[in-house]
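Here's the structure, in structure tokens; my notes come after.
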There are 2 protein chains.
Amino acid sequence: MDLRHLRYFIAVAEEANIGRAATRLHISQPPLTRQIQQLEEELGVTLFIRTPRGMELTPAGELLLDEARNIRSLVEQATERTQRAGQGRLGRLDVAIFGSAILDVIPTLLLAFRNRYPDVKVVLHNMTKNEQIEALRQRRISVGFNRMLAPHEDIGTLLVTTENLLLAVPTEHPLARQEIVRFADLAHHPLILFPSGARPSFIDKIIGLCAERGFEPRVSQEVGDAVTAVALAASGFGVCLVPTSATTLQFPGVVYRRVHEAPPGFFVDLTCIYRKADQSPILAAFLETIEAEREARSQAGSSHSAR
Amino acid sequence: MDLRHLRYFIAVAEEANIGRAATRLHISQPPLTRQIQQLEEELGVTLFIRTPRGMELTPAGELLLDEARNIRSLVEQATERTQRAGQGRLGRLDVAIFGSAILDVIPTLLLAFRNRYPDVKVVLHNMTKNEQIEALRQRRISVGFNRMLAPHEDIGTLLVTTENLLLAVPTEHPLARQEIVRFADLAHHPLILFPSGARPSFIDKIIGLCAERGFEPRVSQEVGDAVTAVALAASGFGVCLVPTSATTLQFPGVVYRRVHEAPPGFFVDLTCIYRKADQSPILAAFLETIEAEREARSQAGSSHSAR
DNA sequence: ACAACGCAATACCCTGGAGGTATGATCCGG
DNA sequence: CCGGATCATACCTCCAGGGTATTGCGTTGT
């Protein structure tokens, strides 16, 4: 049996007349007669009673009509869904994020993606940098978000956003009272650094920046993530350099200060990583959305990184 | 798209290798390659990633695999069900009965049919004789059960069972005390007759039998059905001739008596009626069951009509 | 009663496409 | 760098689906 048989069968059943059905199907009447005969023969069932006025369905034919319509709609649905999946408009995207990245741009990004591709289910996973690389290679995720990534041969990167750094200062801290905080001031106060995981990381960046200015920071704590760092700062453990988006965290007991006279490179990138070999149209759509969003933000003038 | 395409697609997806899939499908590899290419082209979607080790499904391909398996099983189910319907093993049979016929043979008959054809849904309708004829012609029912049917050109009949007649007598009635009740005795006692509906009916049969013996019965009541008649007899309204199966009704206050020296024709047929033009295999199966059951009953020796 | 019409079925032809064989293009492992 | 495996391409064959012409049959209309 063939989908053609079913299509023809439905037409004949609905027209109750082979001639009209043939016209509707844009074929001539005799082949249609034969196809119906074939179908009946193959099933071993009489589907129509031939009357001088046309074709009348038998009970078995009635049943097949139901089933055939069902199958037809399922086939239509299958092609349509497969096409949408092929265009990246239907499916699933597994995304890895890390703690503090969720603070700023990622929620708006995911929202924008969801609006453009409502039938793509986005699944979030919390992963460290190295876990992300591994998960990408094992295809457990399709994209990851990261900072300070060492390059890998098979992993592509796309810059999502660039954020300036701010200093989180306890309210009672001497630096909180200064009108202007200078980078060099960091030499005299204990610093909270993060993340404590895989190197190179944000920690190395800050140590590097300090080295450029000829001092080595006094490290009071190394913690896992920005949230913990700011929380510790709020408790007076020390000051802490954070991406601008961390201002989302408004702990009592902590204020944010711009840092003047900072060395070049006093910012941090958020990048998106993916398998270079990944051909998935959903991934392509996601990366495209990232670029479109970055575009939109920069055109809006007051981009986050300029805050 | 074609069912062939789906079948081939499933095979390739499952084998992850065109060559092996071709073997499994009993065709050679190149046509299979082409069919897959066609399918991809028609959908406008890449379904497989070609690797040096075989064919790997894309996400869109994964989705289509699900859908295709679904469609395949639906097609299989459709053919199987249609075939069963064509053999009368699946479907629906609308059966008309009238009041008292339900007392005896019809329940066992329906039970036997249900056992043989468990997937045929039997729907019962209560109808009078004339309603049955009309409903048959309008295809609202496929079979009816009846007694004393006037012949119709387009309606076929099949004898279901023949039942002797018994006399239902009030317990306190003089005839209840006689050791032997003779047919001629009926001349002296008021009779309850039924059914009061369309003629000719059971009533005419009894009046005819009496006429053969040269008397006209004294009619105390005409009622609609056997159950009412026996109930009235139990209340002392008179005596009443009923088919043997009415002994199912064991009212207090009524006893059943054989009638001796009855004229020939002192029995009543239960017949099954159907449209002669009806080709439905379900009807055929039902009529066949009726004959098989009658056969079984007569072979069992103590047939109901001999009770 | 017979002609005219409508419908499905049959006879016969033609062509597109499914399937076959042979071969090429790539990539991997030894 | 070669042998083997895999998918793709080229080209041929042949069947089956589609077309035209016609028949068969029952109903209808005059």
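Keep in mind that what you see is a predicted model, and the values were worked out from it rather than measured. In what follows, every chain begins at residue 1, and chains take the letters A, B, ... in the order their sequences are listed.
- The aromatic rings of F9(B) and F48(B) are tilted relative to each other, their planes meeting at an angle between 30° and 60°.
- The distance from atom CD1 of I36(A) to atom P of dA9(C) is 9 Å, rounded to the nearest whole Å.
- At a cut-off of 3.5 angstrom, counting only N and O atoms as typed in the model, there is no donor on one side facing an acceptor on the other between the side-chain of R53(A) and the base of dG26(D).
- Under 4.0 angstrom from either OP1 or OP2 of dA8(C) there lies no side-chain N or O belonging to T33(A).
- Side-chain proximity of R34(A) to the nucleotides dG20(C), dA8(C), dG17(D) is greatest for dG17(D).
- With hydrogens and angles disregarded, no donor-acceptor distance shorter than 3.5 Å links the side chain of K129(A) to the backbone of L149(A).
- The separation between Q35(B) atom CD and dG19(C) atom P is 5 Å, rounded to whole Å.
- I49(A) has its CD1 atom 15 Å from the C1' atom of dA8(C), to the nearest Å.
- DNA chain D is contacted by both P31(A) and P52(B); P52(B) maps to the nucleotide lying nearer its 5′ end (nearest heavy atom per residue).
- Nearest to the side chain of Q38(B), among dA18(C), dC7(D), dC7(C), sits dA18(C).
- I27(A) has its CD1 atom 19 Å from the P atom of dT15(C), to the nearest Å.
- Residue contacts shown for H26(A) are limited to sugar-phosphate atoms, with no base heavy atom under 4.0 Å away.
- Scanning atom types as modelled, one donor and one acceptor separated by under 3.5 angstrom connect the side chain of Q29(A) and the base of dA9(C).
- By the salt bridge (Lys or Arg N to Asp or Glu O under 4.0 Å) test, R84(A) pairs with E80(A), D119(A), sequence neighbours left out.
- Annotation: side chain of F145(A) is not in contact with side chain of V105(A) (no heavy-atom distance under 4.5 Å).
- Contact annotation for Y8(B): backbone-only contact, meaning every heavy-atom pair under 4.0 Å involves sugar-phosphate atoms and none involves a base.
- One interatomic measurement links the two molecules: CD of E40(A) to C1' of dA8(C), which rounds to 12 Å at whole-angstrom precision.
- Atom P of nucleotide dA8(D) and atom CD of E41(B) are separated by 13 Å, given to the nearest angstrom.
- Atom CD of E56(A) is separated from atom P of dC7(C) by 15 Å (rounded to the nearest Å).
- No donor-acceptor pair under 3.5 Å is formed between the side chain of Q29(B) and the backbone N or O of G19(B).
- The nearest whole Å value for the distance from the CD1 atom in I18(A) to the P atom in dT10(C) is 11 Å.
- Regarding contacts with the backbone of dT10(C), a side-chain N or O of Q37(A) is found under 4.0 angstrom from either OP1 or OP2.
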